[in-house]
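What's counted below: heavy atoms across the whole structure, side chains too, no hydrogens, waters or symmetry copies. Throughout, a chain's letter reflects where its sequence line sits, starting with A, and its residues are numbered from 1.
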Amino acid sequence: MLKSIFTQLWNRKRSNVSIFIELTLVFCVVWYITDYLFVFAYNNSLPDYRDLRHTWQVNLAIFPSGHPEYQAEAGEPETLAANHHRILQTLHNYPGVEAVGISNRSSLPGSSGYWGATFCWPGDTANTVSGQRISISPLEDFFRVFGHTRNEGREAVSMADYNWSDPRTIVISRSAARALFPDGEAVGKELKDTRSPDARYVVGGVVDDTKRLSYLRPQHAWYLPMPMDDPNELYRAAITVRSRATIPDSRFRSDFLEVMSKALRIGNFHLQSLIPCAKIGADTTRMFGQSGDLNVRLALFIFFLLNILLCAMGTFWYRVNQRRGEVGLRKAMGATHAGISAAFFLEGLCLLALSAAVAMAIEFQFVYAGLIDTLGKYDDSIYLPDRIPLRFLITNGLTACTLAAVILIAVWLPARRAAALPPAEALRDE
Amino acid sequence: MIKQTWNLLRQEKVFSAIYILGTGLSITVVMAMAIVFYIRIADVYPETNRSRMLIVKSGTERLENGGWNSASLSDAYIEACFRSLESAEAVGAVYREWEDEHYVQPEGSSLQWPVEVKHVDDGFWRVFPFRFLNGKPFGAPEFQSGLPVAVIASSLARRLFGTDEAEGRYVSLDYHPYRVCGVVKDASYATEQTYAQLWLPYTLLPDYKGSFGESGALGHIRAYILAPSAGEVGRVKEEALEHIRRYAAQFDKVELSLNGQPDRHWQSAFRFWSSDDPDFGKILLQYGLIFLFLLLVPAVSLSGMTDSRMERRLAEMGVRRAFGAPRTTLTGQIVAENFFFTLFGGIFGLLLSYLLILAGRNWIMEIGVAYVEIPPEGSEVLFTPAMLLNLPVFGMALAVCFLLNLFSALIPAWKASHRAIVHSLNT
């Protein structure tokens with residue numbers, strides 16, 4: 001049967017040229033988008049050992065000096081610190097709040113700001129490891145707010161699990177520990193900040209890896225205590241809370257805003273806004289152009305698939321009309337409906353197979369020239385998308401399956417029409 | 001010819017529907033992109049002077065030790081280089097804040113509303129001709145004295161006061177009271193250079209005179225220079241470049257560069273990073289190729305379909321050729337007949353592109369943007385009828401139809417009219 005299909009294709013080479021070119025072009029473009037979507041989906045599937053559900057950023061602001069509620073004495077460092085402490089107590093006492101955390105703003109999950117740091121073990125200064133510096137207050141429970149874990153998610157961690165009374169304590173991510181100490185235990189080891197060689201830290205613990213944004217890979221992270229004795233830090237610090245999972249987010253938000261708008265008017269502080277932490281990451285993803293990029297690629301993906309659908313449908317519709325005699329004859333010789341339809345389906349799939357071979361040769365040139373990016377590639381760690389030959393096969397397989405499905409849908413209507421032709425009527429045309 | 005096309009359409013309903021759908025689909029995508037770029041580049045309210053505008057977003061300092069700084073510009077630099085331009089009709093400036101979360105406190109409510117605020121100078125109102133529904137913009141005296149006055153958008157005025165007649169009333173922003181001096185017709189977030197719900201003099205900011213770096217040129221401000229006419233933009237740019245050169249010449253140890261700015265408005269739409277000097281020729285070529293590719297891919301399939309239709313009409317071609325019809329006439333007729341199909345598809349595609357733009361209004365303006373400004377919670381990108389329904393957009397749609405028709409019909413028409421008469425008649 002295959003031989004007869006290829007003979008048919010060859011005999012109609014003139015009308016097959018355009019669909020072949022179209023399929024080849026579309027195969028290349030759809031593969032390019034599929035490759036991006038594959039890496040995107042893969043990165044999203046990588047575990048992010050923290051939980052941003054039911055977490056909120058509590059934004060405070062200061063009354064301006066002309067405001068009736070402004071208190072000049074509340075600007076004094078001691079009063080400011082005391083008022084800040086009262087605010088934290090008020091948050092702890094709010095019935096819907098489970099935990100409170102304080103961090104630098106750029107240390108918030110999904111923040112657009114990034115504070116990098118590079119560390120090494122003094123015993124091997126050649127092995128330097130860079131990652132995100134996450135500055136957190138040991139007085140509150142940042143780890144609990146964001147559901148950080150250790151042992152691959154099996155054990156929840158809390159700030160209280162580590163000895164922050166030693167100002168040299170640093171908690172590091174599992175990937176950072178592996179990069180610094182490939183053969184041994186990290187806890188208890190000394191670390192040196194390469195940018196301030198005098199600053200020494202001691203690894204107090206290792207927590208699971210997190211991702212800066214959901215579409216990126218896990219990154220190295222350094223959790224360092226945030227100095228809270230500077231009053232300016234209080235203004236800059238970000239307060240976060242975890243609400244109880246049993247309270248729906250919308251209810252928590254409306255209740256919190258209503259109650260705390262009054263309750264948090266302490267000194268010159270007042271509540272400005274309550275932002276879901278998941279929104280911070282979503283906004284950053286959008287700010288970096290990633291959301292728009294994804295939407296455009298999805299829109300083009302659909303556009304090209306619809307193009308091939310209409311192209312194949314139109315071409316096969318004409319083909320069925322032109323081959324009425326052949327169809328009639330085959331039916332008169334006993335061919336079944338399914339057999340007639342299968343011939344057209346196979347013809348479409350053979351065309352796809354031919355164009356896929358040419359398209360893969362073109363794609364290979366792009367891959368060979370290094371023109372294909374890997375979204376979120378971060379360091380030397382090897383993930384599935386870094387195994388280029390395997391990724392090439394997987395993404396081409398996915399592309400072929402997608403286009404095959406589209407071709408089958410496109411050919412289905414003309415093939416059904418051909419199969420339904422009464423033999424006598426079809427043969428009358430001859 | 002119209003009658004013949006109509007008959008063809010009726011004889012081959014399914015095929016014609018597929019053809020028109022295919023055409024419509026390709027025109028949808030191309031037109032959606034074209035409209036997005038039209039809104040970004042053309043003269044649309046309140047940025048109706050884009051065609052005679054120059055924009056300076058940033059500058060770069062390169063230091064002797066190999067380091068560099070880049071950012072927006074300082075007030076002093078804008079004053080020295082741009083406000084002093086003799087050939088310019090007006091110069092406006094917008095202060096860009098690092099943290100720009102602002103809230104309005106409505107009277108009698110404990111809740112606050114997030115709003116988009118822009119800190120601007122008095123020249124801003126001459127460069128961008130907002131339509132004042134009530135009151136007037138703040139002028140040079142209010143700007144220079146740093147008076148707490150505000151121009152607010154009509155939507156905010158109605159939300160706060162229930163009316164556009166808000167001149168003289170007070171609005172509380174971040175617990176500061178501001179006297180409303182004017183109410184303007186809303187701008188859309190699609191015109192992000194000017195979009196805000198509240199505009200304040202930037203002299204209200206305590207650090208508006210601040211600068212950083214070595215030359216005192218870098219700060220937080222962008223400049224918008226208006227030429228008297230589109231034809232005089234080049235002359236204004238020349239004068240600006242002279243001022244820029246003169247300012248930079250004061251420094252021996254710092255190389256100050258605006259990376260090719262001032263830009264024309266369309267160039268500025270492709271400048272995202274403060275230290276970049278984009279190659280606009282390359283950018284135009286890239287977008288041109290993308291447009292062409294988006295047209296070519298469907299054109300190949302449409303060409304295949306036209307070719308199939310021509311095969312069925314070969315006998316007709318043969319007869320017409322046998323009776324002396326010239327090849328060029330036949331080719332022209334086929335292309336013209338096909339144009340009607342393309343035109344039907346074009347109308348369908350244009351309508352679909354409007355739908356796509358409206359449905360994707362919250363992300364579609366982000367096409368081709370490397371750094372997206374996030375609007376405040378609850379705000380949406382609004383498209384006015386003037387942005388979507390206008391002669392340039394219809395002209396573009398027609399041109400796209402013409403191009404697509406040429407790509408998809410010329411080769412099949414040429415092939416059909418050049419077949420040997422005997423072969424055509426035999427079919």
- Item | Minimum heavy-atom distance between A:Ala74 and A:Asn83, given as atom pair plus value | CB-ND2, 4.0 Å
- Message: Students often mix this up, so state it plainly: with edges at 30° and 60°, are the rings of B:Phe341 and B:Tyr19 parallel, tilted or perpendicular?
- Response: perpendicular
- Message: So, using side chain to side chain contact (heavy atoms under 4.5 Å, CB included) as the criterion, who are the partners of B:Glu373 when residues are at least two apart?
- Response: B:Arg96, B:Tyr189, B:Glu192
- Would you tell me whether A:Ser273 and B:Gln112 have side-chain atoms, one donor and one acceptor, within less than 3.5 Å of each other? no
- Item | Aromatic ring proximity A:Tyr94/A:Phe256, centre distance under 6.0 Å | yes
- Query: Judged by modelled atom types alone, do A:His270 and A:Glu69 share a side-chain donor-acceptor pair under 3.5 Å?
  - Reply: no
- When you check the gap from the basic side-chain N to the acidic O, do A:Asp249 and A:Arg253 get nearer than 4.0 Å? no
- Query: Is a side-chain donor-acceptor pair under 3.5 Å present for B:Tyr103 with B:Gln105?
  - Reply: no
- Interchain contact, A:Arg297 with chain B, by part (heavy-atom threshold 4.5 Å): neither
- Message: As an exercise: rank B:Ile411, B:Val300, B:Val29 by heavy-atom pairs under 4.5 Å with chain A and give me the winner.
- Response: B:Val300
- Item | Heavy-atom contact with chain A under 4.5 Å, split by part of B:Ile364 | neither
- Item | Contact leader toward chain A among B:Leu302, B:Leu294, B:Thr28, where contacts are heavy-atom pairs under 4.5 Å | B:Leu294
- Note on the structure: Ordered numerically, the heavy-atom neighbours of chain A under 4.5 Å found in residues 354-362 of chain B are B:Asn362
- Note on the structure: If one checks every heavy atom of A:Asn59 against chain B at 4.5 Å, the contacting part turns out to be side chain
- Query: Contact part of B:Ile374 toward chain A, heavy-atom cut-off under 4.5 Å: side chain, backbone, both or neither?
  - Reply: side chain
- Relative to each other, are the rings of B:Tyr175 and A:Phe63 parallel, tilted or perpendicular (30° and 60° limits)? perpendicular
- Among A:Arg286, A:Met313, A:Lys279, A:Glu258, residue most engaged with chain B (heavy-atom pairs, under 4.5 Å): A:Arg286
- Could you look at B:Ser172 and say if it's the side chain, the backbone, both or neither that has a heavy atom under 4.5 Å from chain A? neither
- Task: Identify which part of A:Val17 has an atom lying under 4.5 Å from any heavy atom of chain B, answering side chain, backbone, both or neither.
- Result: neither
- Note on the structure: Note: B:Ala150 and B:Leu200 closest approach over all heavy atoms is CB-CD2, 3.5 Å
